[in-house]
Amino acid sequence: MSFWEFIVDAVYFIAAILFILGLKRMGSPKTAPRGIKQAGLGMLLAAIVTLWHPDMQAGFGIYFLMLLAIAIGGIGSWVVGQRVQMTAMPQMVAIFNGMGGGAAAAIALIELYSHSAWHHGGTVLTLAVLGGLIGGVSFTGSMIAWAKLENRMGTPRLPSQHWINAAVLVVALLIGLIIILSSPGAPFWVTLFMLVALALGVLVTNPIGGADMPVVIALYNALTGLAVAFEGFAMQNPAMIVAGTVVGAAGSLLTFLMAQAMNRSITNVLFAGFGVEDGAEAEGPEGEMKSVEPFDAAASFAYADSLIIVPGYGMAVAQAQHKLWEFVQMLQKEHDVDVKFAIHPVAGRMPGHMNVLLAEAGVPYDLIHDLDEINPEFPNADAALVIGANDVVNPSARTDQSSPIYGMPILDVDKARETYVIKRGRGAGFSGVQNALFFGDNTRMVFGDAKQVCADLAAGLKEL
C-alpha cells in the first residue's frame with residue numbers, strides 16, 4: 001500500500017466514524033444540529049479525498065464537471081433549505097431522498113455501460129445490478145411521494161394493481177439476470193432494465209394512500225441507503241459502503257418503528273391502500289360536535305392545574321407553534337399551570353415533524369414527551385388541548401374493531417377531565433376516518449385557524 005492509499009483509507013475511516021457519531025447525535029433534538037454538522041463534515045472529507053484518490057485518472061474537463069455538479073447541488077440545496085417552510089419539510093425530504101436513489105441508479109448505469117462492473121467478478125456485478133434496481137425504484141417512488149404530499153396527484157389504482165406490480169418486478173429481475181449472465185456490454189438490456197426499475201417505483205407508490213406517506217418516505221430512505229451501499233461495493237469505495245449501510249439500517253429501523261406505531265405491517269402499508277381517500281368525509285360516529293369560543297377555552301385552561309397539549313399537522317399548516325408557545329408561557333407564568341406536550345410517533349407528515357416545530361418555537365425539550373411517557377398522565381390531567389391532530393387521538397382505535405385504525409396506539413386525550421380540539425373544519429383526518437373524540441361528552445371544539453385561535457387564547461387570558 002502506497003502512502004497516498006494509506007491516507008485515503010485513513011480519511012475514509014474518519015469519515016465513517018463521523019457518519020456514525022452524527023447519526024447517534026441525531027437521536028436527540030438537543031444534539032441533532034451537532035450531529036448533522038458532524039455527518040456533513042464526514043461527507044465533505046470523503047468527497048475531497050475521493051477527488052484526490054490515486055486511482056482517479058481524470059482530465060481537467062472531468063474535474064470541472066464534478067466540481068460544477070457539487071456547486072450546483074450544494075448551492076441549490078442551501079437556497080431551498082433556507083426558503084422551505086416547515087410544512088413543506090416532508091416534501092423536501094422526499095425529494096432529496098429520491099435524488100440519493102437517483103444518484104445510486106446513475107452510478108449503476110455508469111458501471112454497467114462502462115463494463116467496469118464485469119471486471120470485479122459476479123458478486124460485484126450482481127450488487128451493481130441490485131443497486132441500480134433499488135435506486136431506480138427509490139428515485140421515482142420518492143417523486144410520487146413528493147407529489148402526493150404536495151397534493152399534486154391523487155391515488156390512482158389500476159385494475160389488478162398488485163399483480164401488475166409483481167409482473168413488472170419479475171421482468172426487472174429477469175432482465176437483471178440477463179445482464180449478469182451476459183458478456184460485458186449489453187447496452188440495450190441495461191437501458192431497458194433501468195426504465196423498468198423507474199416504472200416499478202411509480203407503480204408501487206401510486207396506490208399507497210397519503211396517510212401512509214411518512215412510512216413510505218422512511219422506507220425509500222432505507223432503500224436509498226441500501227442502493228448506495230451496493231454501488232459502493234461495485235466501485236470499491238469504503239465511504240459509500242459505510243454511509244449507505246448506516247442510512248439503510250437507520251431507515252429500516254425507522255420504517256419498522258413507524259409501522260409499529262400505526263399497528264401496521266410493512267406489507268399492509270404497501271398493499272392495503274389505507275387512506276386512499278385523503279381527507280375525505282367518512283362514515284363514523286354520529287352525534288353533535290359541541291363548539292366553544294376561544295375565551296371560554298382560555299378560562300378553563302387558566303383555572304386548570306395541568307394541561308397536556310397534542311400538536312398535529314394542522315398546527316404545522318397554520319404555523320401556529322410560536323403563538324402556541326406564547327400562550328403556554330402565559331399559562332405557566334401568570335396562572336402556574338403545569339403544561340406538557342405529547343408527541344405521537346407518526347404525528348405530522350414525517351418522523352420528528354412536531355418535535356422540530358416545537359423546537360423552532362423555543363419549547364424546552366423537557367416539556368416534550370412521547371406516547372409511552374405521557375399516556376399514563378392523561379387520566380390525571382385537568383385538560384387536554386389538541387391542535388390539528390386527528391387519527392393519533394381517535395379513541396376508535398381502542399374501542400371500534402370495525403375501524404380501519406383499530407389497534408393503532410393513540411394518545412389518550414379522551415381520558416382527560418376536559419378535552420379541547422382546535423380544528424379548521426368538521427372533516428375527517430388524512431386517513432379519511434372520522435374521529436369519535438370530536439363527539440365525546442367531555443370534548444369541546446374550537447373551530448378556526450390554529451394560529452389565530454392560539455392568539456385569541458392568549459388574548460382571552462389577558463382579559464381574565
Quiz prompt | Spatial distance of atom CG (Leu67) from atom CD1 (Ile70) [nearest 0.5 Å] | solution = 5.5 Å

Quiz item: Measuring from Phe256:CZ to Ser252:OG, what's the distance to the nearest 0.5 Å?
Solution: 6.5 Å

Quiz item: Sub-3.5 Å donor-acceptor pair from the side chain of Thr140 to the main-chain atoms of Gly136, do we have one?
Solution: yes

Quiz prompt | Atom pair OG1/OH of Thr191 and Tyr113 - distance to nearest 0.5 Å | solution = 2.5 Å

Practice problem: Could you tell me whether a side-chain N or O of Lys148 sits under 3.5 Å from a main-chain N or O of Asn206, the two making a donor and an acceptor? | Solution: yes

Self-check item: Distance in Å, Leu437 CG paired with Ser396 OG, rounded so as to fall on 0.5 Å steps
Solution: 9.5 Å

Quiz item: Given the rule in the side chain to side chain contact (heavy atoms under 4.5 Å, CB included) test, do Asn237 and Tyr12 qualify, once you have shown the distances and angles that lead to the verdict?
Solution: CA-CA 9 Å; Asn237 187 305; Tyr12 280 155; 3.5 Å; yes

Exercise. Return yes if some donor-acceptor pair links the side-chain N/O of Glu231 with the main-chain N/O of Gly132 below 3.5 Å, else return no.
Key: yes

Quiz item: Can you list every salt bridge (charged side-chain N to carboxylate O under 4.0 Å, His left out) pair that touches residues 355-373, not counting sequence neighbours?
Solution: none

Quiz item: Distance-only, no hydrogens or angles: does the Ser182 side chain make a donor-acceptor pair with backbone N or O of Ile179 under 3.5 Å?
Solution: yes

Quiz item: Does CZ in Phe378 sit with more than 12 non-hydrogen atoms of other residues, nucleotides or ligands closer than 6.0 Å?
Solution: yes

Quiz item: Do Met354 and Phe341 come within less than 4.5 Å of each other through their side chains, counting heavy atoms only?
Solution: no

Quiz item: Shortest non-hydrogen contact from Gly176 to Val129?
Solution: CA-CG1, 3.8 Å

Quiz item: Can you tell if the side chain of Ile14 reaches within under 4.5 Å of the side chain of Leu45, non-hydrogen atoms only?
Solution: yes

Self-check item: Residues Asn221, Leu254; criterion side chain to side chain contact (heavy atoms under 4.5 Å, CB included); working and verdict
Solution: CA-CA 9 Å; Asn221 182 63; Leu254 180 60; 5.7 Å; no

Quiz item: Shortest non-hydrogen contact from Met99 to Met143?
Solution: N-CE, 4.5 Å

Quiz item: Hey, is the main chain of Ile134 close enough, under 3.5 Å, to the side chain of Ser138 for a donor-acceptor pair?
Solution: no

Self-check item: Spacing of Ile309 atom CD1 and Leu324 atom CG [to the nearest 0.5 Å]
Solution: 4.5 Å

Self-check item: Check: Pro345 and Leu371 side chains under 4.5 Å, non-hydrogen atoms
Solution: yes

Quiz item: Is the CZ atom of Phe13 crowded by more than 12 outside heavy atoms at less than 6.0 Å?
Solution: no

Quiz item: Does any non-hydrogen side-chain atom of Val392 lie less than 4.5 Å from one of Met408?
Solution: yes

Quiz item: Under the side chain to side chain donor-acceptor pair (under 3.5 Å) test, which residues partner Asn355, sequence neighbours left out?
Solution: none

Quiz item: Is there a donor-acceptor pair closer than 3.5 Å between any side-chain N or O of His322 and the backbone N or O of Lys451?
Solution: no

Self-check item: Pairs where residues 92-101 contributes a residue and the test side-chain hydrogen bond (donor to acceptor under 3.5 Å, both in side chains) is met, not counting sequence neighbours
Solution: Asn97-Ser142, Asn97-Thr224

Self-check item: Ile343/Leu358 under side chain to side chain contact (heavy atoms under 4.5 Å, CB included): CA gap, chis, key distance, verdict
Solution: CA-CA 10 Å; Ile343 307 294; Leu358 295 178; 3.8 Å; yes

Quiz item: Is there a side-chain contact between Ile95 and Gln91, using heavy atoms and a 4.5 Å cut-off?
Solution: no

Exercise. May I ask you to test the Lys24-Ile20 pair for a side-chain heavy-atom distance under 4.5 Å?
Key: no

Quiz item: Who passes side-chain contact (heavy atoms from CB on, under 4.5 Å) against Ile36, sequence neighbours left out?
Solution: Met26

Practice problem: Looking only at non-hydrogen atoms, find the nearest pair between Gly251 and Ala222 and report the distance. | Solution: C-CB, 3.5 Å

Quiz item: Rounded to the nearest 0.5 Å, what separation is found between the CG atom of Asn375 and the NE2 atom of His369?
Solution: 12.5 Å

Practice problem: Measure from the side-chain N and O atoms of Thr255 to the backbone N and O of Ala218, and report whether any donor-acceptor pair falls under 3.5 Å. | Solution: yes

Exercise. Indicate yes or no: at least one non-hydrogen side-chain atom of Met240 is less than 4.5 angstrom from one of Phe233.
Key: no

Quiz item: Residues in side-chain contact (heavy atoms from CB on, under 4.5 Å) with Val137, at least two apart?
Solution: Leu133, Leu200, Tyr220

Self-check item: Verdict with reasoning, Asn390 to Tyr313, per side chain to side chain contact (heavy atoms under 4.5 Å, CB included)
Solution: CA-CA 9 Å; Asn390 202 315; Tyr313 188 66; over 6 Å; no

Quiz item: Any chance CZ of Phe96 has more than 12 other-residue heavy atoms, nucleotides or ligands included, within less than 6.0 Å?
Solution: yes

Quiz item: Closest approach of Ile241 and Gly232, non-hydrogen atoms and distance?
Solution: CG1-C, 3.5 Å

Self-check item: salt bridge (charged side-chain N to carboxylate O under 4.0 Å, His left out): pairs with one or both residues in residues 392-411, sequence neighbours excluded
Solution: Arg398-Asp412, Arg398-Asp414

Quiz item: Nearest heavy-atom pair of Ala234 and Val124: which atoms, and what distance?
Solution: CA-CG1, 3.3 Å

Exercise. Considering non-hydrogen atoms only, spot the tightest contact between Val310 and Ala389 and give its length.
Key: CG1-CB, 4.2 Å

Quiz prompt | pair Leu219-Val215: side-chain heavy atoms closer than 4.5 Å | solution = no

